[in-house]
Amino acid sequence: MKIATWNVNSIRARADRIEDWLDKTEVDVLALQETKATDETFPYEIFEYSGYEVAHFGISQWNGVAIASRVGLEDVERTFPSQPPFGKPGEEPVQEARAIGATCNGVRVWSLYVPNGRGIEDPHMSYKLDWLSALHKDTSGWLKADPGAQLALVGDWNIAPLDQDVWDIDFFRENQMTHVTAPERAAFNAFLEEPLNLVDAVRPLTDEPYTYWDYTKGRFSKNEGMRIDFQLLSPALAQRVVAAQIDREEREGAGASDHTPVIIEIA
DNA sequence: ATGGCTACGCTTCGTAGA
């Protein structure tokens, strides 16, 4: 079974490419982030034509997450239980469409779009860290309830865990950029450490360093990218992984998303 | 020269991405 995750940066602008990609790769499960669509405007038909069931969660032109599957799509859950809303000062906090879960052929898949911190001092940074802390707490509960859980937390984590996961760590440091700060990395690493012990099964199985290249400044042609899209698997699921791939080719050509798909194959 | 892109919408700029 193949499970892919892909920040498509607008499902409507990318509809033809996504349909072609599904026909070409024949993944069984595709988790999507940044659909930039509401449930009303989401193009369900491109998945149905290709033989996939799909569940989407979108409430505005921002964010939006979905899971498409051709091996079953059960117990769909929109937002994880502890997921915090974003509160603007003086306004009612708003829940954002950043997480959708579904069980596909026995694997509990969460499609996650971790908030962009925007800036080190920006209120969105504490939102990002709170959001990850809440996800960690719920994940801990799921694994306590079932230590053998087949669980996949996949998506755009908006964190580059290692210095080598950005093209020039000095550039990031000098410009006080997000995605590489100690608190963000600690929040990410907490998923890989005791007691959760989730596994990044992709890193050891692919030579491609990056999953994202900015549209601006010719970043892709200069191969100045970032590794920020991950599939973190429960220990029991990680044992079944036989292959992994970052589909760099999909970043090429006109009309590409700035992120590329990340795929695992499990036995 | 310190830029360069892409997408969205009650669109023709402001917001967001990272």
Side-chain angles (χ1 to χ4, degrees), chain A residues 5-18 32-43 46 56-66 85-89 91 94-99 111-129 131-132 155-185 187-188 209-230 246 250-262:
Chain A
T5 185
W6 190 6
N7 179 323
V8 289
N9 186 2
S10 172
I11 189 102
R12 285 170 290 168
R14 221 68 64 208
D16 288 347
R17 277 187 89 120
I18 293 166
L32 298 145
Q33 299 88 39
E34 252 200 301
T35 61
K36 290 185 169 175
T38 64
D39 288 346
E40 287 70 37
T41 59
F42 186 86
I46 69 171
H56 178 251
F57 178 37
I59 49 189
S60 72
Q61 76 268 43
W62 307 119
N63 314 307
V65 282
F86 178 72
K88 283 182 187 163
E91 287 181 30
V94 179
Q95 190 60 259
E96 298 182 321
R98 293 181 175 277
S111 178
L112 304 168
Y113 181 39
V114 176
N116 183 311
R118 298 196 186 184
I120 289 176
E121 302 293 331
D122 194 288
H124 289 86
M125 180 56 77
S126 51
Y127 170 51
K128 178 180 193 174
L129 297 174
W131 199 96
L132 287 164
D156 178 358
W157 289 74
N158 268 322
I159 294 171
L162 305 178
D163 286 355
Q164 71 206 50
D165 294 338
V166 296
W167 77 92
D168 181 358
I169 189 63
D170 295 333
F171 178 85
F172 278 71
R173 296 273 179 248
E174 285 160 17
N175 292 283
Q176 305 230 339
M177 291 170 78
T178 58
H179 293 62
V180 297
T181 68
E184 290 169 283
R185 286 178 169 178
F188 182 87
Y210 305 134
T211 65
Y212 163 90
W213 295 261
D214 199 298
Y215 285 128
T216 67
K217 300 177 175 64
R219 294 290 186 216
F220 184 60
S221 56
K222 292 188 275 187
N223 196 27
E224 296 179 342
M226 300 170 72
R227 190 186 192 95
I228 53 176
D229 301 272
F230 294 93
I246 295 171
E250 184 51 44
R251 182 64 181 77
E252 294 172 356
S257 169
D258 41 4
H259 296 252
T260 199
V262 178

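Quick note on labels: first sequence line is chain A, next is B, and so on, each numbered from 1.
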Please figure out whether A:Lys222 or A:Lys88 has its closest DNA chain B nucleotide nearer the 5' end.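 With A:Lys88 and A:Lys222 compared, the 5'-side residue is A:Lys222.
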
On DNA chain B, compare the nucleotides closest to A:Glu34 and A:Arg12; which residue's is nearer the 5' end? A:Arg12

How is [X] classified with respect to the nucleic acid when contacts are heavy atoms under 4.0 Å: base, sugar-phosphate, or nothing?
| X | result |
| --- | --- |
| A:Asn63 | nothing |
| A:Met177 | nothing |
| A:His124 | nothing |
| A:Arg118 | sugar-phosphate |
| A:Tyr113 | sugar-phosphate |
| A:Asn7 | sugar-phosphate |
| A:Thr178 | nothing |
| A:Asn158 | sugar-phosphate |

With A:Glu34, which residues qualify under salt bridge (charged side-chain N to carboxylate O under 4.0 Å, His left out), at least two apart? none

Chain A footprint on DNA chain B, 5' to 3' - any atom under 4.0 Å from a heavy atom: B:dG4 to B:dA18

Checking side-chain polar atoms at under 3.5 Å, does A:Glu250 have a donor or acceptor matched by the opposite partner on A:Ser257? no

For a quick check under 3.5 Å, do A:Asn116 and A:Lys128 share a side-chain donor-acceptor pair by atom type? no

So, taking the atom named CZ in A:Arg173 and the one named CG in A:Asn175, what distance separates them when rounded to the nearest 0.5 Å?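 Answer for the CZ-CG pair, A:Arg173 versus A:Asn175, is 12.0 Å.
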
Quick check: do A:Met125 and A:Glu184 have side-chain heavy atoms less than 4.5 Å from each other? yes

Counting only N and O atoms by type, is there a donor-acceptor contact under 3.5 Å from the side chain of A:Asp156 to the main-chain atoms of A:Asp229? no

Between B:dT6 and B:dA1, how many Å separate the two C1' atoms, rounded to a whole number? 23 Å

